[in-house]
2 protein chains.
Amino acid sequence: MELLFDNIRRYVSLTEEDQNIISSYWTIKQLNRGEHLLSAGSVCRYDAFVLEGSLKGYIIDAATGKEEIVLLAVADWWAADLDSFHNQHASSLNISAITPATVALITRAAFNELLEKLPKLEKYFRLILQSHATALLRRIYYRNAHDARSRYKTFLQQYPSLQAQIPQYLIASYLGISAEMLSKIRAQKDL
Amino acid sequence: MELLFDNIRRYVSLTEEDQNIISSYWTIKQLNRGEHLLSAGSVCRYDAFVLEGSLKGYIIDAATGKEEIVLLAVADWWAADLDSFHNQHASSLNISAITPATVALITRAAFNELLEKLPKLEKYFRLILQSHATALLRRIYYRNAHDARSRYKTFLQQYPSLQAQIPQYLIASYLGISAEMLSKIRAQKDL
DNA sequence: TAAAAAAATTGAACTGGTTCAAGAAATGAT
DNA sequence: ATCATTTCTTGAACCAGTTCAATTTTTTTA
């Protein structure tokens, strides 16, 4: 849980007392490799903060059956279908563990209660959503304006640690590249 | 300003008094066609809420000089580089008026003051950022998983009103399609 | 309302990236 | 340790969408 406190403290200050309150609203869960946190068709019951390991969020294409990676999450990142979580309707997203993982989970009811008890967390969640939205807009820009090789290079620079934690073919899908193409890009010497 | 109040009231309740406070923090501005609200290289001074007309947010590619549309905004939408606005560093984004437009502007200093005065707005901004992030993630998914024709069809369904307000070649860029391709897609009878 | 500018169309040549297929390498489970 | 599964690689054929170029249509401005 220290990881979560540190994350929050980057945006708002926390007293010892605050930390105890926060702790009480969360559950720690271990996920096996491949285990699902969210399955398409069901409501997203938890907002998850990753403590260890890596998760993927993906959508199965109705026509082709292919999985499209829309999000990747490692330690210190959030993973959830926010829309489904907050509005309690069926999600079209799957979230599962790529490697064995440890996550801190909070339900929507607990989330709302926690925000009432500690209103300063409104600001924290507003600020992380803001940087999240900024990151998503940058992803869109790179997807539209740059070729596959350049997108991969930028990805490596921006998230150097992910390369070791996430299989290549998932990174390819996340970047909107075929697994074969990414392999060929990596084979180029002048990367 | 009624448009902004209505927008806020979709998420939190507002008293007459609240509305007066809010009003005092905003400035109304008219933009001519083509006029810039933000230019790449400068800090984003305002968070803008569009009252009338339409705006585009774009990045000029350093190599090719081509403009890539990353956001479109019409009445009832927000337009800003949030990262630059809140962290006060140079933006790489341009925002300008596609048509003559009316916008409500707030500076960062005023924004922070307003939130201190009316903490309930923390929740409002958290919630709109949340739906914004959801919309951005959906854009990424469609961009990666669907061909140009299908992306355009989905765009028309999701934002039927934009077709009349935004030139086709800007919609094309927004969707990651060349202007020529979109024209050919539209020429297909069975759209 | 005429001239100028902006936006949309169409066709032809081209290309970045996909798909398919088959094998090699790495990793996980028992 | 060994077998099974997952991940990565490589090549060949193909194609969705781009680029370039020229023209028409629509919109804006004076």
Side-chain angles (χ1 to χ4, degrees), chain A residues 30-35 53-54 56 58 61 63-69 72 96-101 142-156 162-191, chain B residues 31-35 53-56 58 61 63-69 72 96-101 142-156 162-191:
Chain A
Q30 305 288 338
L31 296 173
N32 297 322
R33 179 180 141 87
E35 190 175 349
S54 51
K56 63 181 177 184
Y58 61 98
D61 185 276
T64 65
K66 267 191 60 184
E67 104 178 9
E68 287 289 335
I69 302 297
L72 294 172
S96 69
I98 298 174
T99 62
Y142 277 108
R143 180 65 177 92
N144 285 346
H146 297 285
D147 66 13
R149 183 159 165 282
S150 146
R151 298 205 299 280
Y152 180 60
K153 277 176 73 170
T154 304
F155 174 86
L156 289 183
L162 292 207
Q163 200 185 5
Q165 301 179 69
I166 315 268
Q168 232 184 92
Y169 75 105
L170 295 178
I171 293 175
S173 174
Y174 175 86
L175 294 174
I177 308 174
S178 68
E180 294 90 338
M181 188 67 210
L182 183 53
S183 172
K184 283 162 191 164
I185 288 168
R186 282 167 49 87
Q188 297 169 202
K189 294 203 190 66
D190 59 332
L191 200 76
Chain B
L31 296 173
N32 297 322
R33 178 180 144 87
E35 191 175 348
S54 52
L55 309 189
K56 63 180 177 184
Y58 61 98
D61 185 275
T64 66
K66 267 191 60 183
E67 102 177 10
E68 287 289 334
I69 301 297
L72 294 172
S96 69
I98 299 175
T99 61
Y142 277 109
R143 180 64 178 92
N144 285 347
H146 297 285
D147 66 12
R149 182 159 164 281
S150 147
R151 297 205 300 280
Y152 180 59
K153 278 175 73 170
T154 305
F155 174 85
L156 289 183
L162 292 208
Q163 199 185 6
Q165 298 179 71
I166 314 269
Q168 231 184 93
Y169 75 105
L170 295 179
I171 293 176
S173 174
Y174 175 85
L175 294 172
I177 307 175
S178 69
E180 294 90 337
M181 188 65 212
L182 184 52
S183 171
K184 282 162 191 164
I185 287 168
R186 282 166 50 87
Q188 295 170 203
K189 294 204 190 65
D190 60 332
L191 201 78

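Hydrogens, waters and symmetry mates play no part in the numbers below; they use all other heavy atoms, side chains included. All chains are named by letter (A, B, ...) in the order of the sequence lines, taking the proteins before the strands, and each is independently numbered beginning at 1.
Checked by atom type and distance alone, the side chain of B/Ser173 pairs as donor or acceptor with a backbone atom of B/Ile69 at under 3.5 Å. With A/Asp147 contributing its side chain and A/Ser150 its backbone, the two residues share a donor-acceptor pair below 3.5 Å. The backbone N or O of A/Gly176 lies less than 3.5 Å from a partner atom in the side chain of A/Arg151, making a donor-acceptor pair.
One finds no side-chain N or O of B/Tyr169 lying less than 4.0 angstrom from the OP1 or OP2 phosphate oxygen of C/dA8. Taking 4.0 angstrom as the limit, B/Gln168 places a side-chain polar atom (N or O) nearer than this to OP1 or OP2 of C/dT9. The phosphate of C/dT18 has OP1 or OP2 within less than 4.0 Å of a side-chain N or O from A/Ser178.
The residue A/Ile177 sits close only to the backbone: its heavy atoms come under 4.0 Å of sugar-phosphate atoms, none of a base.
A/Ile171 approaches A/Leu162 most closely through the heavy-atom pair CD1-O, 4.3 Å. When all heavy atoms of B/Ile185 and B/Ala148 are compared, the pair lying nearest together is CD1-CB, 3.7 Å.
Comparing B/Glu180 and B/Ile98, the nucleotide of DNA chain C nearest to each residue sits closer to the 5' end for B/Ile98. Residue order along DNA chain C, read from the 5' end via each residue's closest nucleotide, puts B/Arg33 first among B/Arg33 and A/Ala179.
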**Request:** For side chain to side chain contact (heavy atoms under 4.5 Å, CB included), just list the numbers for A/Thr99 and A/Arg33, CA-CA rounded to whole Å, side-chain angles, deciding distance to a tenth of an Å, and then say yes or no.
**Result:** CA-CA 5 Å; A/Thr99 62; A/Arg33 179 180 141 87; 5.9 Å; no

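Scanning DNA chain D 5' to 3' for nucleotides with an atom closer than 4.0 angstrom to a non-hydrogen atom of chain A gives a first and last hit of D/dT6 to D/dA12.
Relative to the side chain of A/Met181, the nucleotides C/dT9, C/dA7, C/dG17 differ in distance, and C/dG17 lies closest. Counting only heavy atoms from C-beta on, A/Ala148 has its side chain closest to C/dG17 among C/dA12, C/dG17, C/dT9.
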